[in-house]
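The structure appears below as structure tokens.
Chain letters run A, B, ... following the sequence lines, proteins first and then strands; every chain starts at 1. None of the values given here were measured: they were computed from a predicted structure.
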2 protein chains.
Amino acid sequence: MIHYNMTTPSPDDPGAPLGFAKHDHHACVTDALSVAEARCAEEGLRLTPVRRKVLEILLREHRALGAYAILDLLREEGFGSQPPVAYRALDFLSENGFVHRIERLNAFVACTHADEAHSPAFMICRLCDTVAEAQSAPARGALGAAAKAAGFQIEKTVVEAEGLCPACVDKAAS
Amino acid sequence: MIHYNMTTPSPDDPGAPLGFAKHDHHACVTDALSVAEARCAEEGLRLTPVRRKVLEILLREHRALGAYAILDLLREEGFGSQPPVAYRALDFLSENGFVHRIERLNAFVACTHADEAHSPAFMICRLCDTVAEAQSAPARGALGAAAKAAGFQIEKTVVEAEGLCPACVDKAAS
DNA sequence: CCAATAGATGATACACTATAACATGACAAC
DNA sequence: GTTGTCATGTTATAGTGTATCATCTATTGG
């Protein structure tokens, strides 16, 4: 089962790409922050100012950012600017499913449906680095069978597809 | 379709783990080198001394090695010891399917069936870092459907499962 | 045979990514 | 108010990867 992530398109905000579809980005950011706050309150997690700001940055940018790019933005907003500041916030956020690490890019993206438990799959454009998140369950299929046969216990899976996003396909064709 | 990698077990060589099964490691190394040589000859690829040595190192070690670990071994055998030496050889080998990069570990493993075209999936033990290679075709399933729906052209996929290998499961249980 | 070319290697320097270690601060529990 | 815990600040350093330019070597064409 896979669920392609796509929110309501909106003509009044050209915005940054979510998945590869346009959408009401301002609402998308504030909604996601609210969801995160609610879940932290529920579960006794501490969404401190730095952590909240990092999540906000990633939601706002809506693409994969390296830790040092995040760090630059944190500095601009008056937060600490040494690497551990960013890495610690990112650790918290990814441990709790608010952001995902993109191994292929050594970078991070905000999760676009942080409320559900999920094992994400990503589509990464090799030209513009845009990242779209999809849902998948690789451990249930062929890989799961191989692991079972081998006696390997899967705890987590990384699925990342690299290729061309719709916009870059068009550009390449022209 | 998935094919778990397992070669002939042999009691006379305790050896390093291949996948997670014991096997005749000496034969496994020389066989793989022969296959690589044959394919390079066929396709006009140049399996130069450094490239061959890097492949041999990865086959011999039979686990994921970082570029700098490879570099140390190259130095011991009298080759150049600056990072580009290792990275260039690894680029050549991975472009041609003789080794794979493990994104999760920033490391490289020799391919265990370099003769077939394939899109590999890996099982990585988080305790001992052993890596087993399986075959999968993620782009044909759910992910492929999501990509198609999104208009994303997949060129390459990375599938890496992290968990516990059989040996470490046993250790953890005791 | 020699020159021209292209691919591979050597070597220096640097950029980017990540963590160890230790000090400080904020806040709750006892 | 002391203790414990968790988060943050700060310095330093470790680990991973490339850009650049010079040199070498093997063709290939003259």
Side-chain angles (χ1 to χ4, degrees), chain A residues 36-37 40-41 43-58 64-96 98-109 124 126 129 158 160 162, chain B residues 36-37 40-41 43-55 57-58 64-96 98-109 124 126 129 158 160:
Chain A
E37 266 166 11
C40 285
E43 303 182 17
L45 302 172
R46 296 172 56 181
L47 190 61
T48 61
V50 199
R51 292 169 177 175
R52 196 191 140 95
K53 180 56 77 180
V54 169
L55 178 56
E56 187 194 315
I57 286 170
L58 283 173
L65 288 183
Y68 282 68
I70 293 170
L71 210 50
D72 289 343
L73 296 171
L74 279 179
R75 182 177 11 251
E76 285 174 16
E77 314 221 19
F79 291 86
S81 59
Q82 297 308 312
V85 173
Y87 281 105
R88 287 194 284 234
L90 289 166
D91 282 350
F92 169 85
L93 293 169
S94 59
E95 270 166 23
N96 294 290
F98 298 119
V99 313
H100 298 296
R101 179 183 168 82
I102 307 295
E103 300 290 342
R104 177 89 189 161
L105 302 176
N106 295 330
F108 303 83
V109 283
I124 306 164
R126 73 171 153 82
D129 275 7
V158 171
E160 297 175 3
E162 183 175 332
Chain B
E37 265 167 12
C40 284
E43 302 181 18
L45 302 171
R46 297 172 56 180
L47 191 60
T48 61
V50 200
R51 293 170 177 176
R52 197 192 138 96
K53 181 56 76 179
V54 170
L55 179 55
I57 286 170
L58 284 173
L65 288 183
Y68 282 69
I70 293 170
L71 209 50
D72 288 342
L73 296 171
L74 279 179
R75 179 182 303 111
E76 285 175 16
E77 313 221 20
F79 291 86
S81 59
Q82 298 308 313
V85 173
Y87 281 104
R88 287 193 284 232
L90 289 166
D91 282 350
F92 169 85
L93 292 169
S94 60
E95 270 167 22
N96 294 289
F98 298 118
V99 313
H100 298 297
R101 179 183 168 83
I102 308 294
E103 301 290 344
R104 178 88 190 164
L105 302 177
N106 294 330
F108 303 82
V109 283
I124 307 165
R126 74 172 151 81
D129 276 7
V158 171
E160 296 176 6

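Straight-line distance from the CG atom of D129(B) to the C1' atom of dG15(D): 15 Å, rounded to whole Å. For L90(B) and dT9(C), the CG to C1' distance is 15 Å, given to the nearest whole Å. One can place CZ of R104(B) at 16 Å from C1' of dT16(D), the figure rounded to the nearest angstrom. In this structure, the CG atom of L71(A) is 14 Å from the P atom of dT8(D), given to the nearest Å. Taking atom NZ of residue K53(A) and atom C1' of nucleotide dT8(D), one finds them 17 Å apart after rounding to whole Å. For L47(B) and dG7(C), the CG to P distance is 18 Å, given to the nearest whole Å. Computed from coordinates, the I102(B) CD1 to dG17(D) P distance equals 12 Å when rounded to whole Å.
Residues L65(B) and L73(B) form a side-chain contact, since some pair of their non-hydrogen atoms from C-beta on lies under 4.5 Å apart. Contact annotation: the side chain of L45(B) approaches that of F92(B) to within less than 4.5 Å [non-hydrogen atoms, C-beta and beyond]. Taking the side chain as every heavy atom from C-beta outward, N106(A) and R101(A) approach each other to under 4.5 Å.
In this structure, the separation between OH on Y68(A) and CG on L71(A) is 7.0 Å, given to the nearest 0.5 Å.
With salt bridges taken as basic N to acidic carboxylate O contacts below 4.0 Å, one links R75(B) and D72(B).
Taking all atoms of both residues into account, the shortest heavy-atom contact from K53(A) to E77(A) is NZ-OE1, 2.9 Å.
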Protein-to-nucleotide contact annotation, 5' to 3' order, nucleotides 10-24 of chain C [B base; S sugar-phosphate only; - none; under 4.0 Å, heavy atom]
BBB----BBBBB---

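In this structure, R46(B) does not reach the dG7(C) phosphate: none of its side-chain N or O atoms is under 4.0 Å from OP1 or OP2.
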